[in-house]
Amino acid sequence: MRDICFIGLGYVGLPTAIIAAEKGGYNVIGVDNDKEIVSKTNKGQLHIEEPGLEETLKKVVNEGKLKAWLTPKKCDAYIIAVPTPFKANHVPDISYVEAATLSVIPFLKKGDLFIIESTSPVGTTDEMSDIIFKERPELNGNMFIAYCPERILPGNVIYELSHNDRTIGGLNDASSEKAMEFYSTFVEGSLYKTDTHTAEMCKLVENSSRDVGIAFANELSMICDKAKINVYELIRLANKHPRVNILQPGCGVGGHCIAVDPYFITYKFPEESKLISTARKINDYKAAWCAEKIKKAIIKFKHRHDRKPAVAMMGLTFKPDIDDLRESPAKYIVGNVIQEYNNADLMIVEPNIESHNVYKLTDYKKAYQKADIVVFLIAHKEFKTLEIDKNKVILDFCNINKI
Ligand SMILES: NC(=O)c1ccc[n+]([C@@H]2O[C@H](COP(=O)([O-])OP(=O)(O)OC[C@H]3O[C@@H](n4cnc5c(N)ncnc54)[C@H](O)[C@@H]3O)[C@@H](O)[C@H]2O)c1
């Protein structure tokens, strides 16, 4: 294997293409249907936020080891890393994976390796194999097909891409072996061989497990609020048990993985996935619950002081210290409060983004100083530096003071 082709140069495809070129020594063709991404990549400019990665991109581009294109070229291996969002009613949308698969079919030859890395519902690799073999029956039994999900944490991608363990599910044993051989050239973590369905489910289960764990913590936070118990203190103490490890509650669950992937299970196994489905509902409900709490605090303040309060909504992203707003519960809460109760002077704070297309953003120090009610939605590092002012009403949904 010498020439390899990545379809999709986003948060997963681009870093993997760079590391495969650098560590694996392959000639990499990077394909994206976004012209700007192709143009930037070929100039050695990273279009995603990822510390330290641009240097390596520049190096592999200058050495001619990585070149981006709008369409695929003839290679020895094809790796699909395109988005897998959901449609209305949380139905998984695998149309991007299908389009990417169709785009490489004309270039496939005997002995080639085809890998899907996109998070996918169980059975997607079979479906894509059927599409390939229907178009090119001569390849059936003569090429290698595998599913290998990605586990990287944005912000720590260079380390994790090389060091994380990987699960590799081949259509048959020869496919698993071929895919293992490929990943072993740039992954130092252990490679675990399985079948396609188990590998597909493995990725979905990893994120569902996190979602269920957080739902338990979020449920506790609402119970404790009623029982007038500090949930953070409670969890800290319960975790002193040697076999208990309760996660931290927040204002909901967001992002493109944990808040999305469980639906790929509940859609296909609705009867059997009651816990997973309930966890999704609890985590969504927690955001609505937070919005209600804020609205009640605003009304209470108005009654007490006979004026509308200044309210600082601290954080918009889906987790601390990033600029990603996808599926963010904080963003939902801000929208909900503004829409249903706008009789307050709301200041929206997000230190990790310069501007927002809907909301006017306020500097975090200014907003905090001016606010009568401060709502901590996301525990950004800047917020932890603020001195707690006992004269303000503080609603802390993210354990800003780290109990
Ligand atoms: N971002 C993460 O941290 C992460 C982690 C693990 C798994 N995943 C999964 O990996 C997959 C990719 O995620 P991502 O975050 O890299 O997405 P992304 O949106 O950042 O990147 C996908 C890229 O694919 C391109 N694209 C779409 N269709 C194409 C086509 N037919 N041909 C060529 N290019 C095409 C898009 O223009 C985009 O640049 C998803 O299934 C996601 O769930 C993501």
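When a ligand or atom number is given, it counts from 1 through the structure's own listing order. Fair warning: this is a prediction, and the values are worked out from it, not measured in the lab.
Residue I7 has at least one heavy-atom neighbour below 4.0 Å for each of these atoms of ligand 1: 32 (N), 33 (C). The atoms of ligand 1 that sit less than 4.0 Å from any heavy atom of G8 are 23 (C), 24 (O), 25 (C), 34 (N).
Of the protein's non-hydrogen atoms, the one nearest atom 21 (O) of ligand 1 is G10 CA, 3.1 Å. Distance from atom 41 (O) of ligand 1 to its nearest protein heavy atom, with residue and atom name: T84 OG1, 2.6 Å. Nearest to atom 6 (C) of ligand 1 among the protein's heavy atoms is E150 O, 3.2 Å. Scanning the protein heavy atoms around atom 1 (N) of ligand 1, the nearest turns out to be H256 NE2, 3.2 Å. With hydrogens left out, the protein atom closest to atom 43 (O) of ligand 1 is T119 OG1, 3.3 Å, a heavy atom. Nearest protein neighbour of atom 22 (C) of ligand 1, counting heavy atoms only, is P83 CD, 3.6 Å. When only non-hydrogen protein atoms are considered, atom 44 (C) of ligand 1 lies nearest to V12 CG2, 3.3 Å. Distance from atom 12 (C) of ligand 1 to its nearest protein heavy atom, with residue and atom name: V82 O, 3.5 Å.
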Result block: side-chain N/O donor-acceptor pairs under 3.5 angstrom for residues 237-245, not counting sequence neighbours:
residue: N239; atom: OD1; partner: I246; partner atom: N; Å: 2.7
residue: N239; atom: ND2; partner: I246; partner atom: O; Å: 3.1
residue: H241; atom: ND1; partner: R243; partner atom: N; Å: 2.9

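Ligand 1 is never approached by S103 to a heavy-atom distance shorter than 4.0 Å.
Contacts between A81 and ligand 1 below 4.0 angstrom, taking non-hydrogen atoms only, involve the backbone exclusively. Residue contacts with ligand 1 for P154 involve side-chain atoms from C-beta outward but no N, CA, C or O (heavy atoms, distance under 4.0 Å).
Among D32, I48, L70, the residue whose heavy atom lies nearest to atom 39 (O) of ligand 1 is D32. By heavy-atom distance, the residue among N33, V260, D261 lying nearest atom 34 (N) of ligand 1 is N33. Remark: among candidates Y11, W69, Y96, the nearest residue to atom 15 (O) of ligand 1 is Y11, based on non-hydrogen atoms.
Using modelled atom types, one finds no donor on one side chain facing an acceptor on the other under 3.5 Å when comparing K67 with N27. No side-chain donor-acceptor contact under 3.5 Å links K23 and T185. Residues E200 and T124 have side chains that never bring a donor and an acceptor to within less than 3.5 angstrom of each other. No side-chain donor-acceptor contact under 3.5 Å links N352 and D321. A donor-acceptor contact closer than 3.5 angstrom links the side chains of T198 and D195. Under the 3.5 Å distance criterion, with hydrogens and angles disregarded, no donor-acceptor pair is assigned to the side chains of S208 and R280. For the residue pair D261 / H256, no side-chain donor-acceptor distance below 3.5 Å is found, with atom types taken as modelled.
Between D345 and the choices K302, R307, K370, the salt bridge (charged side-chain N to carboxylate O under 4.0 Å, His left out) rule is met once, by K370.
Distance OG1/T101 to CD1/I116: 5.5 Å, rounded to 0.5 Å.
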